[in-house]
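In this text the structure is predicted, and so the values were computed from the model without any measurement. Just the heavy atoms: all of them, side chains too, but no hydrogens, waters or symmetry mates, feed the values below.
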Amino acid sequence: MNQLDFQGRHAIVTGGATGLGFAIAQRLIASGGSVTLWDRDEATAQQAAAQLGAKAGFARVDVADAASVQAAAQRAARIDALVNSAGITGPNVKLWDYPVDAWQQVMEVNLTGLFICCREVVPAMRAANYGRIVNIASVAGKDGNPNASAYSASKAGVIALTKSLGKELADTGIRVNCVTPAAVKTAIFDQMTEAHIQFMLSKIPMGRFGTPDEIAAMVAWLCTEDCSFSTGAVFDLSGGRSTY
């Protein structure tokens with residue numbers, strides 16, 4: 001493992017109790033920092049924080065609920081980095097069969113929730129004139145996966161939001177970037193059909209899914225001071241799938 005310098009810094013990781021969020025929290029702690037896991041599943045978040053050790057805390061936060069996020073942000077003593085990892089896939093069906101309520105839920109969690117978290121955290125970062133925001137998008141937001149219109153559209157929105165916010169904060173000490181992984185085998189696969197999983201695998205030239213540790217390594221670097229001249233940028237982690 002390469003040594004990254006997050007010494008003495010503190011990060012908020014949404015959706016941090018499981019999957020990519022948990023792996024990212026592990027890597028940030030290994031890099032000398034501390035984390036607070038924001039997750040709507042309080043019991044799982046508590047267990048995850050205990051597993052991570054003394055440098056991890058947790059809070060029950062529903063990212064789609066503005067009041068919940070606002071309260072958690074106000075309780076935070078320090079926020080050097082925000083990693084927006086909370087997300088859901090939604091059903092794998094054709095657009096014309098897509099339930100409206102399922103579409104709205106995907107958008108509320110994946111895009112509106114991310115917007116709310118940025119909105120509530122940025123003022124503290126501006127006051128400190130320092131911060132790192134890393135948004136977890138997806139290669140689906142570039143390519144548009146069939147039978148995943150809501151997920152693809154929400155992640156395309158994350159990419160555009162990252163570019164907008166990065167430009168708005170470019171004259172400050174805050175950097176805003178996103179990563180666009182291809183499929184990474186985590187518990188989120190439980191929300192997908194086997195056919196959709198195999199479709200995603202078929203698109204990756206390396207012939208395998210990414211690992212949470214591989215995503216965490218890039219995200220952790222984007223949270224450090226070394227990431228000083230990249231903002232509003234999109235970093236691919238796609239096993240060769242994405243070529244632009």
Side-chain angles (χ1 to χ4, degrees), residues 6 9-16 20-21 24-25 28 33 35-38 61-74 76 78-88 106-142 144 150-181 215-216 218-238 242 244:
F6 197 63
R9 297 290 190 181
H10 184 76
I12 301 293
V13 183
T14 75
L20 289 183
I24 291 163
L28 290 173
V35 301
T36 300
L37 312 177
W38 284 4
V61 181
D62 181 351
V63 297
D65 181 343
S68 175
V69 175
Q70 185 178 47
Q74 289 175 347
R78 177 177 183 173
I79 306 175
D80 296 302
L82 168 66
V83 180
N84 284 302
S85 182
I88 58 175
V106 171
M107 291 298 172
E108 286 173 0
V109 175
N110 293 3
L111 184 55
T112 302
L114 184 146
F115 154 74
I116 292 170
C117 289
C118 289
R119 185 180 186 276
E120 296 303 327
V121 165
V122 163
M125 290 184 172
R126 289 186 65 204
N129 195 35
Y130 180 85
R132 299 290 184 265
I133 297 174
V134 186
N135 298 321
I136 309 301
S138 169
V139 70
K142 290 183 163 190
Y151 183 79
S152 298
S154 71
K155 294 301 186 178
V158 169
I159 293 170
L161 184 152
T162 298
K163 291 178 178 290
S164 292
L165 185 58
K167 291 171 182 174
E168 290 171 0
L169 294 170
D171 61 349
T172 74
I174 304 167
R175 303 291 172 259
V176 186
N177 297 289
C178 71
V179 296
T180 51
I215 311 307
M218 173 63 81
V219 173
W221 179 78
L222 292 170
C223 287
T224 69
E225 291 184 57
D226 284 344
C227 178
S228 57
F229 197 56
S230 292
T231 200
V234 182
F235 292 82
D236 285 328
L237 291 153
S238 67
S242 184
Y244 66 96

Check whether [X] reaches the backbone of [Y] with its side chain - one donor and one acceptor, N or O, closer than 3.5 Å.
| X | Y | answer |
| --- | --- | --- |
| Ser68 | Asp62 | yes |
| Thr14 | Ser85 | yes |
| Lys155 | Ile136 | yes |
| Arg132 | Ser228 | no |
| Thr224 | Phe6 | no |

Next item on the list: Indicate whether the side chain of Ser230 and that of Asn177 have a donor and an acceptor atom separated by less than 3.5 Å.
Entry: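 On atom types as modelled, these side chains do not qualify, holding no pair under 3.5 Å.
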Next item on the list: Determine, for Tyr130 and Arg9, whether the Lys NZ or Arg CZ falls below 6.0 Å from the six-membered ring centre while staying within 45 degrees of the axis.
Entry: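 That pair qualifies as a cation-pi contact.
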Nearest 0.5 Å, please: how far is [atom2] in [Y] from [atom1] in [X]?
| X | Y | atom1 | atom2 | result |
| --- | --- | --- | --- | --- |
| Asn110 | Ser138 | CG | OG | 9.5 Å |
| Lys142 | Ser152 | NZ | OG | 13.5 Å |
| Ile116 | Asp65 | CD1 | CG | 7.5 Å |

Got [X] and [Y] here, is their nearest side-chain heavy-atom distance under 4.5 Å?
| X | Y | result |
| --- | --- | --- |
| Phe235 | Cys178 | no |
| Met125 | Ile133 | yes |
| Ile88 | Tyr151 | no |
| Ile12 | Val35 | no |
| Thr162 | Val234 | no |

Note to self: To check you understand the geometry: which heavy-atom pair defines the closest contact between Asn84 and Leu82, and what is its length?
What the structure shows: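 Answer, listing the atom of Asn84 first, then Leu82: ND2-CD2, 3.5 Å.
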Checklist line | Given Asn135, Val83, Leu28, Leu20, the one that forms side chain to side chain contact (heavy atoms under 4.5 Å, CB included) with Val219 | finding: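 Exactly one candidate clears the test, Val83.
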